Asks: 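The structure's right below; bear with me while I get my questions together.
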Protein chains: 2
Amino acid sequence: MKRRLINQETGELEDKSVIKSVTIDCVIFGFQDGKLEVLLIKHALGIKKGEWGLPGGWIKKEEGIDLAANRLLKELTGLGDIYLEQLKAFGDPNRFPEGRIITIGYYALINKEKYDIKAGFTASEASWFKLEEIPELIYDHNEILNFSLKKLRHRVKHAPIGFNLLPEKFTLLQLMQLYEEILGLKMDKPNFRRKFLKMKLLVDLKEKEKDVSHRAAKLYKFDDRIYQKLTEKGFSFEF
Amino acid sequence: MKRRLINQETGELEDKSVIKSVTIDCVIFGFQDGKLEVLLIKHALGIKKGEWGLPGGWIKKEEGIDLAANRLLKELTGLGDIYLEQLKAFGDPNRFPEGRIITIGYYALINKEKYDIKAGFTASEASWFKLEEIPELIYDHNEILNFSLKKLRHRVKHAPIGFNLLPEKFTLLQLMQLYEEILGLKMDKPNFRRKFLKMKLLVDLKEKEKDVSHRAAKLYKFDDRIYQKLTEKGFSFEF
DNA sequence: TATACTTGTAGTCATATCTACTATAAGATT
DNA sequence: AATCTTATAGTAGATATGACTACAAGTATA
């Protein structure tokens, strides 16, 4: 079934506010209970009703693609100021059976504790999936998701972006477990501490965890201004 | 001047063979006399006549974007089997004043000794530019080029792709100078040798340079199959 | 109150890696 | 034969890494 793009009366493209051939799809990562999670939505309408896929949408005609991705994220989750980065364009001619549509993939990192994402999804059902539980997705969304994972794994080693998945205040063990989960390996606590603290990227909050049934650990936060300053001096984050 | 997209008789999109709103632009890198170079073309027609820009073109309707990039490269330079990788999509609404066009950037690495690229450009003038000599380019092509440089600098440290810019047989000094030029730093010859040879990525060709006015250096080549095998064993290229 | 248990944090040590060198070899040029 | 250029080998101190031990600070349990 081909969609009708032309308005027969005016002879023009219908709905001039969007470019019909380019969409945005977004992989939204969260982190909970030591596990990386991805937010998926269940399509409520159309041919793919009932199937899971990545949240996404159209780009408006006069809107930059980064802006469009931010807007979509805001519409879907109700929040802005989120770590968001473009993956690449996906343009296999058969990726979308109903027509030639190119999609630009993005991925976002959010702090689940801070927001209740699912509240933003009114029309369609939304749910978090751990990596092992991800079902078969519509179109090429599994490919986009796998690409985003590869990108995230690479990026997290070369830029201090992991913090975006954690609460503002976190312990070194939480940070280490985040790295272990994303990179899929086991690390040594003392060595991890030393390596990370040596970078002097973290602010010691002089606070401790509360309500834990063991010795409370120090809390730290990441300060982007410190990172910027270090970067200017030639520092380059490598893990 | 807005282009007419609608055929008034049929009520359909004109020229169904291309998606009018998405193009491809390609940064082609070469390496000569120790310097990184970029291939630019001078526009022969249209508003931008006489100005320099990146080679590019339209994506055909039934063509994947990677395939389209390869086809364009072949049309422009007359050769295939070239290292080519997508950068990302550039979609500022004002990037192209004559209408909303999204471009997907690619970058290619070619061995200049092997081919005479400029022969492929019949219609428009093409020329190599060293990095310091790059003029102001049309649209957002300077931004695309700068992005490609950042990507190349990063990629060359994490994957053995630099070889694509060198002749098939090369000396360790040539390789080192390539790295020095791309990364913009000075290196130590003995240390570079040791580090690179330790990876066991290079094939010692048991040959030496000829017609040099000094002690001839050993020639090496890069063998992708060796790299694949090492990768399977867990090796990861880092420089 | 004492003991075990869990997690945090400090320190040790052998090994590998990086960096800045020096030294020598192999040719070509004068 | 002396000299110059570049290739290639080696060396030694500094630094980083990885595997470990030890102990501290709490909570839970006996």
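Source: prediction; values computed, not measured. The figures here come from the full heavy-atom set of this structure, side chains too, leaving out hydrogens, waters and symmetry mates.
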Asks: Rounded to whole angstroms, how far apart are CZ on A:F192 and P on C:dA10?
Replies: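 From A:F192 CZ to C:dA10 P: 15 Å.
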
Asks: Side-chain contact, heavy-atom cut-off 4.5 Å: B:E238 with B:H158?
Replies: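 They are in side-chain contact.
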
Asks: For the side chain of B:N146 and the backbone of B:E143, is there at least one donor-acceptor N/O pair under 3.5 Å apart?
Replies: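 Absent.
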
Asks: Any side-chain N or O of A:R194 under 4.0 Å from OP1/OP2 of C:dA10?
Replies: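 It does not, given that no N or O in the side chain of A:R194 lies less than 4.0 Å from OP1 or OP2 of C:dA10.
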
Asks: Could you please name the option among C:dC18, C:dC21, D:dG18 that lies closest to any side-chain atom of A:N191?
Replies: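 Output: D:dG18.
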
Asks: Quick check on C:dG8: is either OP1 or OP2 less than 4.0 Å from any side-chain nitrogen or oxygen of A:K189?
Replies: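 Answer yes for this pair, as a side-chain N or O of A:K189 is under 4.0 Å from OP1 or OP2.
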
Asks: Counting side-chain heavy atoms from CB outward, which of D:dT17, C:dC21, C:dT9 is closest to A:R193?
Replies: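 Nearest to the side-chain atoms of A:R193, counting from C-beta on, is C:dT9.
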
Asks: Expressed in angstrom and rounded to an integer, what is the separation of B:D188 atom CG from D:dG10 atom P?
Replies: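 That distance rounds to 16 Å.
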
Asks: Distance check needed: C:dG11 C1' versus A:K195 NZ, whole Å only.
Replies: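 Atom-to-atom, A:K195 to C:dG11, this comes out as 19 Å.
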
Asks: Are A:K195 and A:F239 in a cation-pi contact, defined as NZ or CZ under 6.0 Å from the six-membered ring centre and within 45° of the axis?
Replies: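 Checked: cation-pi criterion met.
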
Asks: How many Å lie between CG on B:L175 and P on D:dA7, as a whole number?
Replies: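 One finds 13 Å between P of D:dA7 and CG of B:L175, rounded.
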
Asks: Mind checking the NZ-CG spacing from B:K221 to B:L166? Nearest 0.5 Å is all I need.
Replies: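 Reported value, rounded in 0.5 Å steps: 14.5 Å.
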
Asks: Assign B:L173 to base, sugar-phosphate, or nothing according to its heavy-atom contacts below 4.0 angstrom with the strands shown.
Replies: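 If one applies the 4.0 Å heavy-atom cut-off, B:L173 turns out to touch the sugar-phosphate alone, with no base involved.
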
Asks: Whole angstroms only, please: what is the OH-C1' distance between A:Y220 and C:dG8?
Replies: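 Rounded to whole Å, this separation is 10 Å.
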
Asks: Starting at CD of A:E238 and ending at C1' of D:dA16, how long is that distance when rounded to a whole Å?
Replies: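 About 14 Å, once rounded to whole Å.
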
Asks: To the nearest Å, give me how far apart CZ (B:F239) and P (C:dT17) are.
Replies: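 Atom-to-atom, B:F239 to C:dT17, this comes out as 15 Å.
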
Asks: Do the side chains of B:V27 and B:L152 get nearer than 4.5 Å, heavy atoms only?
Replies: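 No, too far: nothing below the 4.5 Å cut-off.
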
Asks: Quick check with a 6.0 Å cut-off and a 45 degree axis cone: is A:K88 positioned over the face of A:F147's six-membered ring?
Replies: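 Ring-cation test returns yes.
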
Asks: Short of 4.0 Å, heavy atom to strand atom, which residues of residues 202-219 of chain B count as contacting DNA chain C?
Replies: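 By residue number: B:K208, B:V212, B:S213, B:H214, B:R215.
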
Asks: Counting distance only, does the side-chain N/O of B:N191 pair as donor-acceptor with the main-chain N or O of B:D188 below 3.5 Å?
Replies: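 Looks like no, no N/O pair under 3.5 Å.
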
Asks: Students often get this wrong, so: under 4.0 angstrom with heavy atoms, is A:K186 touching a base, only sugar-phosphate, or nothing?
Replies: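 No contact at all - A:K186 keeps every heavy atom at 4.0 Å or more from the nucleic acid.
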
